[in-house]
Amino acid sequence: MTGPVRDPDLPAAPAAGPRPWAWTTVPSPLGPLGVAATDDGLLAVAFHAGPGAAKRIAGRLGAPPAPQARAAGCHALLADASEQLAAYFAGRRQTFALPLDWTLTSGFHRRVLRALHTHVPYGTVATYQDLADLAGEPGAARAVGVAMSSNPLPVVVPCHRVVESGGGLGGFTGGLDIKRTLLSLEGFLPEPLF
């Protein structure tokens, strides 16, 4: 008899207590971005990063960020993520080569975000309906919007590339100015005039 099958998208359960994770703030043309990682991968990217962003993640994970000595792998991943984000904003990188920790999302939201990450490349857009179809839920276009608004990994999992079927920008948790800036950076929209 075999034991329960573990979801391969979830990190292995920790041996005891909360998993170590790390946090840093990186500069960007959008303002400070908060970036969190575990040993399993990039965990979160937060716009307008302030002290509250790290506290919210700590509340979800049950522990504050770990110091370098306890989480060297997490801190190394943050350094790599910071470099890749800087290259993206400078126009030198179109894809991110980072492992992702999907812990902060699950179920339908995770399926939609993974479909977005896999199927909507740099410089292109998809509609909410396109992602509902890719996730195997063709009647769930509105639910896709909810998944986008709860994306823990914006920019890296590019919810800014999701637009309305009629061509409108739709919403964006970071604000429509940030969505326009990201789409302009990727060449999908013209640069804002001011």
Side-chain angles (χ1 to χ4, degrees), residues 7-107 109-110 112-114 116-118 122 146-162 171-179 181-182 185-186:
D7 182 344
D9 294 330
L10 292 175
R19 291 184 302 147
W21 65 285
W23 170 266
T24 193
T25 303
V26 298
S28 85
L30 310 172
L33 293 177
V35 184
T38 66
D39 285 333
D40 294 315
L42 189 66
L43 179 70
V45 176
F47 295 114
H48 317 295
K55 286 180 183 176
R56 283 189 294 279
I57 295 170
R60 299 231 8 227
L61 296 179
Q68 173 78 29
R70 244 188 94 226
C74 303
H75 286 277
L77 190 94
L78 286 181
D80 193 20
S82 297
E83 288 174 16
Q84 290 188 37
L85 283 163
Y88 169 81
F89 287 118
R92 296 186 318 268
R93 176 174 279 279
Q94 295 184 356
T95 60
F96 294 94
L98 299 165
L100 301 179
D101 181 336
W102 298 95
T103 299
L104 298 178
T105 189
S106 63
H109 288 196
R110 182 183 293 173
V112 168
L113 292 170
R114 288 178 67 95
L116 170 64
H117 184 251
T118 303
Y122 184 95
V146 175
M148 295 302 103
S149 70
S150 65
N151 179 6
L153 294 159
V155 181
V156 176
V157 177
C159 52
H160 60 277
R161 296 181 191 152
V162 183
F172 192 65
T173 300
L176 287 181
D177 288 342
I178 288 177
K179 187 171 189 172
T181 299
L182 292 169
L185 172 75
E186 295 187 8

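Treat the numbers as computed from the prediction; the structure is a model and nothing was measured.
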Thr103 and Arg60: side chain donor to acceptor below 3.5 Å: no
Please work out whether the ring planes of Tyr88 and Phe96 are parallel, tilted or perpendicular, with thresholds of 30° and 60°. tilted
Check step by step if side chain to side chain contact (heavy atoms under 4.5 Å, CB included) holds for Asn151 and Phe172. CA-CA 10 Å; Asn151 179 6; Phe172 192 65; over 6 Å; no
[X] and [Y]: which non-hydrogen atoms are nearest, and at how many Å?
X: Pro18; Y: Arg70; value: O-NH2, 4.4 Å
X: Val112; Y: Met148; value: CG1-CE, 3.3 Å
X: Ala46; Y: Ala53; value: CB-CB, 4.1 Å
X: Cys159; Y: Pro154; value: SG-CB, 4.0 Å
X: His117; Y: Val156; value: CD2-O, 3.6 Å
X: Ala66; Y: Pro20; value: CB-CB, 4.0 Å

Sidechain-backbone polar pair: Thr38 side chain, Trp21 backbone, donor-acceptor under 3.5 Å: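 Judged by distance alone, no pair lies under 3.5 Å.
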Compare all side-chain heavy atoms of Tyr122 with those of Arg93 and state whether any distance is below 4.5 angstrom. no
Would you say that Pro158 contacts Leu116 through its side chain, given a criterion of any heavy-atom pair below 4.5 Å between the two side chains?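 They are in side-chain contact.
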[X] [atom1] to [Y] [atom2] distance, which is reported to the nearest 0.5 Å:
X: Leu30; Y: Phe89; atom1: CG; atom2: CZ; answer: 4.5 Å
X: Lys179; Y: His160; atom1: NZ; atom2: NE2; answer: 9.0 Å
X: Leu98; Y: Asp101; atom1: CG; atom2: CG; answer: 12.5 Å
X: Leu77; Y: Leu42; atom1: CG; atom2: CG; answer: 6.0 Å
X: Leu61; Y: Leu43; atom1: CG; atom2: CG; answer: 5.5 Å

Is there a side chain to side chain contact (heavy atoms under 4.5 Å, CB included) between Ile178 and Phe47 once you walk through the steps? CA-CA 9 Å; Ile178 288 177; Phe47 295 114; 3.8 Å; yes
May I have the step-by-step check of side chain to side chain contact (heavy atoms under 4.5 Å, CB included) for Val155 and Leu182, ending in yes or no? CA-CA 8 Å; Val155 181; Leu182 292 169; 4.2 Å; yes
Would you be so kind as to tabulate the donor-acceptor pairs closer than 3.5 Å made by side chains of residues 80-87, with sequence neighbours excluded?
| from | atom 1 | to | atom 2 | distance (Å) |
| --- | --- | --- | --- | --- |
| Asp80 | OD1 | Gln84 | NE2 | 3.3 |
| Asp80 | OD2 | Gln84 | NE2 | 3.3 |
| Ser82 | OG | Leu78 | O | 2.9 |
| Gln84 | OE1 | Ala97 | N | 2.8 |
| Gln84 | NE2 | Ala97 | O | 3.2 |

Would Leu153 and Leu113 count as a side chain to side chain contact (heavy atoms under 4.5 Å, CB included) if you check the C-alpha gap in whole Å, the side-chain angles of each, and the deciding distance to 0.1 Å? CA-CA 9 Å; Leu153 294 159; Leu113 292 170; over 6 Å; no
With sequence neighbours left out, write down each residue that passes side-chain hydrogen bond (donor to acceptor under 3.5 Å, both in side chains) with Ser150, or none if nothing qualifies. His109
